[in-house]
A.B. asks: 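Can you keep this structure in mind? I'll have questions shortly.
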Amino acid sequence: MKFFIDSADVNEIRAANERGWVDGVTTNPTLVAKSGRSFEDVIKEICTITTGPVSAEVISLKADEMVKEGVALAKWADNVVVKIPMCEDGMIAVKKLTAEGIKTNVTLVFTPMQAILAAKAGATMVSPFVGRLDDIGNDGMAMVNDVVQIYRNYDFATEVLVASVRGPLHLQQAALIGADIATIPYKVMQQMTGHPLTTKGIDMFLADWNKAKGQ
Ligand code: E4P
């Protein structure tokens, strides 16, 4: 399973990368705005931290403009993946960008049918949003399970990138389902590291060691 970090904060990305947790990065306009930096600067810097795929999202909503933006984004670095919102114009753009050899990540996917359409258009990755579905009382992970199953049934090459991850349990469930990738906020990566019994065990071992040494 590949781990992407869902962040436009280069300090977080460097920290996660140092720990071996970064196979790629996803950003979105909200995360880039939060970084307070220019879109181009931040994406270019992220692309120097990892050689893995780095998703950069288009802002246009018309197919031709999305393609133009996508082609420009793909020139920023070899590992840029163009993130396109799920909509009809988006699918036209995905098909065109794919034909030009540019990788795409179809974002804001909330149903298995949207995921099938993205795969048919040739998306490299599809991003089902788990947390936002949970927020409105749906079962986000059940939707991911359906997408993975459908892609397997028909051998779609599109990778399932579980997005809108809110906690460690989402990761465990995504891994059990067999999703290809999960994109994870750094805070959740840190939550996954710890367990009270691990902390207690470390403290105990150290106390026993010091006792044995008469300290
Ligand atoms: C994915 O690529 C998105 O950036 C992200 O996972 C959205 O998550 P949110 O619902 O926590 O904003």
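Heavy atoms only: backbone and side chains are in, while hydrogens, waters and symmetry mates are out.
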A.B. asks: Any side-chain heavy-atom pair from Asp6 and Ile184 closer than 4.5 angstrom?
C.D. replies: no
A.B. asks: Between Glu57 and Thr27, does the side-chain contact (heavy atoms from CB on, under 4.5 Å) criterion hold? Intermediate values first, please.
C.D. replies: CA-CA 7 Å; Glu57 191 159 341; Thr27 67; 5.7 Å; no
A.B. asks: With sequence neighbours left out, which residue pairs that include part of residues 142-154 fulfil the side-chain hydrogen bond (donor to acceptor under 3.5 Å, both in side chains) condition?
C.D. replies: Gln149-Asn153
A.B. asks: Write down the atom of Ala182, the atom of Leu171, and the distance for their closest heavy-atom approach.
C.D. replies: CB-CD1, 3.6 Å
A.B. asks: Any luck finding a side-chain donor-acceptor pair between Ser55 and Thr26 under 3.5 Å?
C.D. replies: no
A.B. asks: Decide side-chain contact (heavy atoms from CB on, under 4.5 Å) for Thr107 and Met86; before the verdict, give the C-alpha distance in whole Å, the side-chain angles of both, and the deciding distance to 0.1 Å.
C.D. replies: CA-CA 6 Å; Thr107 190; Met86 177 68 215; over 6 Å; no
A.B. asks: Taking all atoms of both residues into account, what is the closest heavy-atom pair of Gly167 and Gln191, and its distance?
C.D. replies: CA-OE1, 4.2 Å
A.B. asks: Run the ring pair (Phe, Tyr, Trp, His ring centres under 6.0 Å) check on Trp76 and Phe39 step by step: do they pass?
C.D. replies: CA-CA 11 Å; Trp76 287 356; Phe39 183 34; 5.3 Å; yes
A.B. asks: Does some side-chain heavy atom of Lys83 sit less than 4.5 Å from a side-chain heavy atom of Val58?
C.D. replies: no
A.B. asks: When you compare the side chain of Met143 with that of Pro112, does any pair of heavy atoms fall below 4.5 Å?
C.D. replies: yes
A.B. asks: Say whether, by atom type as modelled, one donor and one acceptor occur between the side chain of Glu100 and the main chain of Leu97 under 3.5 angstrom.
C.D. replies: no
A.B. asks: Tell me, do Tyr186 and Ile5 make a side-chain contact under 4.5 Å, heavy atoms counted?
C.D. replies: yes
A.B. asks: Can we say Glu40 and Lys44 salt-bridge, meaning some charged N sits less than 4.0 Å from an Asp/Glu carboxylate O?
C.D. replies: yes
A.B. asks: I'd like to know if Lys96 and Asp64 make a salt bridge, using a cut-off of under 4.0 Å between side-chain N and carboxylate O.
C.D. replies: yes
A.B. asks: Taking side chain as C-beta onward, heavy atoms only, is Val10 less than 4.5 Å from Arg37?
C.D. replies: yes
A.B. asks: List the steps, then state whether side-chain contact (heavy atoms from CB on, under 4.5 Å) holds for Ile43 with Leu73.
C.D. replies: CA-CA 9 Å; Ile43 294 295; Leu73 291 176; over 6 Å; no
A.B. asks: Are Leu161 and Ile116 connected in the hydrophobic side-chain network, where two residues link if heavy atoms are under 4.5 Å apart?
C.D. replies: no
A.B. asks: Which value, rounded to the nearest 0.5 Å, describes the distance between Ser7 atom OG and Ile46 atom CD1?
C.D. replies: 7.0 Å
A.B. asks: Closest heavy-atom contact between Val162 and Ala179?
C.D. replies: CG2-CB, 3.5 Å
A.B. asks: Under a 3.5 Å distance rule, please check whether Gln173 uses its side chain to pair with a backbone N or O of Met141 as donor and acceptor.
C.D. replies: no
A.B. asks: Would a single hydrophobic cluster contain both Leu108 and Val160, if residues Ile, Leu, Val, Met, Phe, Trp and Tyr are joined by side-chain heavy-atom contacts under 4.5 Å?
C.D. replies: yes
A.B. asks: Are Lys211 and Asp208 close enough, and set up right, to give a salt bridge (Lys or Arg N to Asp or Glu O under 4.0 Å), and what steps lead you there?
C.D. replies: CA-CA 5 Å; Lys211 217 186 294 165; Asp208 290 344; 3.8 Å; yes
A.B. asks: If you round to the nearest 0.5 Å, how far is CG of Asp23 from NZ of Lys2?
C.D. replies: 7.5 Å
A.B. asks: Between Pro85 and Leu61, what is the shortest heavy-atom contact and its length?
C.D. replies: CG-CD2, 4.4 Å
A.B. asks: How many angstroms lie between NZ in Lys213 and CG in Asn210, if you round to the nearest 0.5 Å?
C.D. replies: 9.0 Å
A.B. asks: Return yes if some donor-acceptor pair links the side-chain N/O of Glu69 with the main-chain N/O of Ser60 below 3.5 Å, else return no.
C.D. replies: yes
A.B. asks: Taking all atoms of both residues into account, what is the closest heavy-atom pair of Cys47 and Val80, and its distance?
C.D. replies: SG-CG2, 3.9 Å
A.B. asks: Given side chains that start at C-beta, do those of Asp139 and Leu133 come closer than 4.5 Å, heavy atoms only?
C.D. replies: no
A.B. asks: Could you check whether Glu45 pairs with Arg14 (Lys NZ or Arg NE/NH1/NH2 to Asp/Glu carboxylate O, under 4.0 Å)?
C.D. replies: yes
A.B. asks: Which heavy atom of Met1 sits nearest to which heavy atom of Ala174, and what is that distance?
C.D. replies: CE-CB, 3.8 Å
A.B. asks: Could you state whether Ile102 and Val81 fall into the same hydrophobic cluster, counting links through intermediate Ile, Leu, Val, Met, Phe, Trp or Tyr residues with side-chain heavy atoms under 4.5 angstrom apart?
C.D. replies: no
A.B. asks: Could you pull out all residues at least two apart from Glu12 that satisfy salt bridge (charged side-chain N to carboxylate O under 4.0 Å, His left out)?
C.D. replies: none
A.B. asks: Are Val165 and Phe129 side-chain neighbours, meaning at least one heavy-atom pair lies under 4.5 Å?
C.D. replies: no
A.B. asks: Leu31 vs Asn28, test: side-chain contact (heavy atoms from CB on, under 4.5 Å). Steps then yes/no.
C.D. replies: CA-CA 5 Å; Leu31 293 170; Asn28 63 41; 3.4 Å; yes
A.B. asks: Report the residue from Ile13, Val25, Thr48 that forms a side-chain contact (heavy atoms from CB on, under 4.5 Å) with Val54.
C.D. replies: Val25
A.B. asks: Spell out, yes or no, whether Met192 and Val144 are grouped together once hydrophobic residues are joined by side-chain heavy atoms under 4.5 Å, including indirect joins.
C.D. replies: yes
A.B. asks: Under 3.5 Å, side chain of Thr98 to main-chain N/O of Gly122, donor-acceptor pair present?
C.D. replies: yes
A.B. asks: Strictly by side-chain hydrogen bond (donor to acceptor under 3.5 Å, both in side chains), give each pair with a member in residues 123-136 just once, sequence neighbours left out.
C.D. replies: Asn105-Ser127, Asp134-His170, Asp135-Arg166
A.B. asks: Are Met66 and Ile84 side-chain neighbours, meaning at least one heavy-atom pair lies under 4.5 Å?
C.D. replies: yes
A.B. asks: Spell out, yes or no, whether Val126 and Met91 are grouped together once hydrophobic residues are joined by side-chain heavy atoms under 4.5 Å, including indirect joins.
C.D. replies: yes
